[in-house]
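Hydrogens, waters and symmetry mates play no part in the numbers below; they use all other heavy atoms, side chains included.
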Amino acid sequence: MSFAPLQNDTFLRACLRQATDYTPLWLMRQAGRYLPEYRATRARAGSFMGLATNTDYATEVTLQPLARYALDAAILFSDILTVPDAMGLGLSFALGEGPRFAHPVRDEAAVRALAVPDMDKLRYVFDAVTAIRRALAGRVPLIGFSGSPWTLACYMVEGAGSDDYRQVKTMLYSRPDLMHHMLLINADAVAAYLNAQIEAGAQAVMIFDSWGGVLADGAFQAFSLAYTERVLAQLHRTHAGATIPRIVFTKGGGLWLEQMGALDCDVLGVDWTVNLGRARTLVGERKALQGNLDPNVLFASPEQVQQQARRVLDSFGTPHRGEGTGPTHIFNLGHGISQHTPPDHVDALVEAVHGHSRALRAA
């Protein structure tokens, strides 16, 4: 499988802690409901899963934000819950609501019945990766992704999103053996899934530990971090002669940043509660950092958006310059962009990040 040569490798270089001319920028959920063109495509698809499982639609919406903004990476349009769906849990989305599983995993029989799914059931994802990579024609790199083993388990047990995680935490504390069994299967499934995305053309992969931050200290290490480590240990480091950067993002994980610095990954994503300067001191010599503007900043005026973007860049400081490797930064939000975000405010953000980060390097 061959693809067009990469024209803008700024994101990949920053992932690998190499010097760049400016700080690269992409946004979690950059292809989504805040864009009118996305809403129009979803209406044609008829449903979220109709959109995600159709190669042409998935390609179209992945490229939509790149047509508007000078972003430095594309991210596969999909969902973090495709793996448990392939396990037979029955994923669905109602318009305006979050994901829901028809068959939650809440007892021993259901847990013991779990198995790493046949990756052919996820062929639609891998076909989309290849189609998107070809459609990008080398413009920017393509990121593949999955939910973390713990985050998948939260949805698998709760059956949907949750305010208190009562069901999954009850299982964790009352039957830790069942939880560990589920997480082991999830970790091996996520590793196989991400490796298949890499083989299909993904140039970097990201693990979204969206709900790691709801765990108590101690439980995080045992039930989230350990299984993220298991995934990372199985991932391809290179493919087709290129290094494949691996990104880990734990929402609410700032408390454990120093421990996460020991993960066998290239980039740590941080949410908006983390001070980037402190994070750089803790892990910047070991990992690139990604983040971490509060997504709600984008509801302020364009001038205030730009001011806050410059503040984030200043908090990290001047990235590595020159030969070799050193502390680098990838600008992102501290979580996904809101569906209510005015699209023109993203223009202001991109302009500020690229402009101010060039000025920092010239100082």
Side-chain angles (χ1 to χ4, degrees), residues 1-16 18 20-32 34-35 37-38 40-42 44-45 51-80 82 122-146 193-206 208 235-236 238-247 266-267 269 288 290 330-333 336-337 343 346-347 349-350 353-354:
M1 191 181 304
S2 61
F3 299 104
L6 188 58
Q7 301 162 31
N8 176 359
D9 67 350
T10 308
F11 165 75
L12 294 179
R13 289 178 61 82
C15 285
L16 299 176
Q18 299 169 0
T20 60
D21 293 337
Y22 61 90
T23 299
L25 164 71
W26 71 278
L27 305 175
M28 289 185 273
R29 284 198 213 119
Q30 63 189 25
Y34 74 107
L35 295 175
E37 55 267 40
Y38 169 89
T41 305
R42 174 169 169 158
R44 294 203 314 275
L51 193 62
T53 58
N54 181 290
T55 299
D56 291 338
Y57 285 145
T59 301
E60 180 180 330
V61 296
T62 298
L63 268 60
Q64 284 171 347
L66 299 174
R68 276 184 178 259
Y69 313 118
L71 298 164
D72 295 291
I75 184 165
L76 163 71
F77 180 81
S78 187
D79 191 77
I80 64 171
T82 50
L122 293 161
R123 178 57 50 193
Y124 66 92
V125 176
F126 314 135
D127 288 346
V129 169
T130 301
I132 293 162
R133 179 83 186 271
R134 288 184 173 140
L136 283 168
R139 179 176 172 182
V140 294
L142 175 62
I143 305 166
F145 71 93
S146 175
Y193 180 54
L194 290 176
N195 280 335
Q197 289 184 40
I198 291 167
E199 291 159 10
Q203 291 156 286
V205 289
M206 182 163 170
F208 282 87
L235 294 184
H236 297 323
T238 62
H239 184 71
T243 300
I244 308 296
R246 294 153 299 149
I247 308 166
D266 304 286
V267 185
Q290 180 174 278
I330 299 146
F331 196 100
N332 208 313
L333 304 178
I337 190 168
V346 178
D347 271 317
L349 175 66
V350 174
V353 170
H354 285 165

Checking [X] now: which residues fulfil side chain to side chain donor-acceptor pair (under 3.5 Å) with it, not counting sequence neighbours?
X: Thr23; result: Arg361
X: Gln203; result: Arg133
X: Gln197; result: none
X: Arg139; result: none

Can you list the residues that meet the side chain to side chain contact (heavy atoms under 4.5 Å, CB included) rule with [X], with sequence neighbours excluded?
X: Thr53; value: Met49, Tyr124
X: Ala137; value: none
X: Thr41; value: Arg44, Leu51, Tyr57, Glu60, Val61, Gln64
X: Ala196; value: Phe126

Original post:
Is the backbone N or O of Gly269 less than 3.5 Å from a side-chain atom of Asn332, with the two atoms forming a donor-acceptor pair by type?
Top reply: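 Side chain of Asn332 to backbone of Gly269: no pair is present.
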
Original post:
Ignoring hydrogens and geometry, is there a side-chain-to-backbone donor-acceptor pair from Thr130 to Ala200 under 3.5 Å?
Top reply: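 Yes; at least one donor-acceptor contact below 3.5 Å.
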
Original post:
Is there any side-chain hydrogen bond (donor to acceptor under 3.5 Å, both in side chains) pair reaching into residues 65-77, and which pairs are they, with sequence neighbours excluded?
Top reply: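 Found Asn8-Asp72, Tyr22-Asp72, Glu37-Arg68, Asp72-His354.
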
Subject >> Summary of salt bridge (charged side-chain N to carboxylate O under 4.0 Å, His left out) pairs that have at least one residue in residues 193-203, sequence neighbours excluded >> reply: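 Checked against salt bridge (charged side-chain N to carboxylate O under 4.0 Å, His left out) - neighbours excluded - no pair reaches residues 193-203.
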
**OP:** Output all residues satisfying salt bridge (Lys or Arg N to Asp or Glu O under 4.0 Å) with Arg123, sequence neighbours left out; order by chain, then residue number.
**Re:**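 For Arg123 the salt bridge (Lys or Arg N to Asp or Glu O under 4.0 Å) partners, ignoring immediate neighbours, are Asp120.
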
Original post:
Of Leu16, Ile247, Thr243, which is the lone residue that meets side-chain contact (heavy atoms from CB on, under 4.5 Å) with Asp266?
Top reply: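 Single side-chain contact (heavy atoms from CB on, under 4.5 Å) partner of Asp266 among Leu16, Ile247, Thr243: Leu16.
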
Subject >> Heavy-atom closest pair, residues Ala131 and Thr55 >> reply: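 Residues Ala131 and Thr55, closest heavy atoms: CB-CG2, 3.5 Å.
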
Subject >> Euclidean distance, Leu333 CG relative to Leu349 CG, rounded to 0.5 Å >> reply: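 Taking CG in Leu349 and CG in Leu333, the distance rounds to 6.5 Å.
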
**OP:** Using the side chain to side chain contact (heavy atoms under 4.5 Å, CB included) rule, take Ser146 and Ile80 through it: C-alpha gap first, then chi angles, then the decisive distance, then the call.
**Re:** CA-CA 5 Å; Ser146 175; Ile80 64 171; 6.0 Å; no

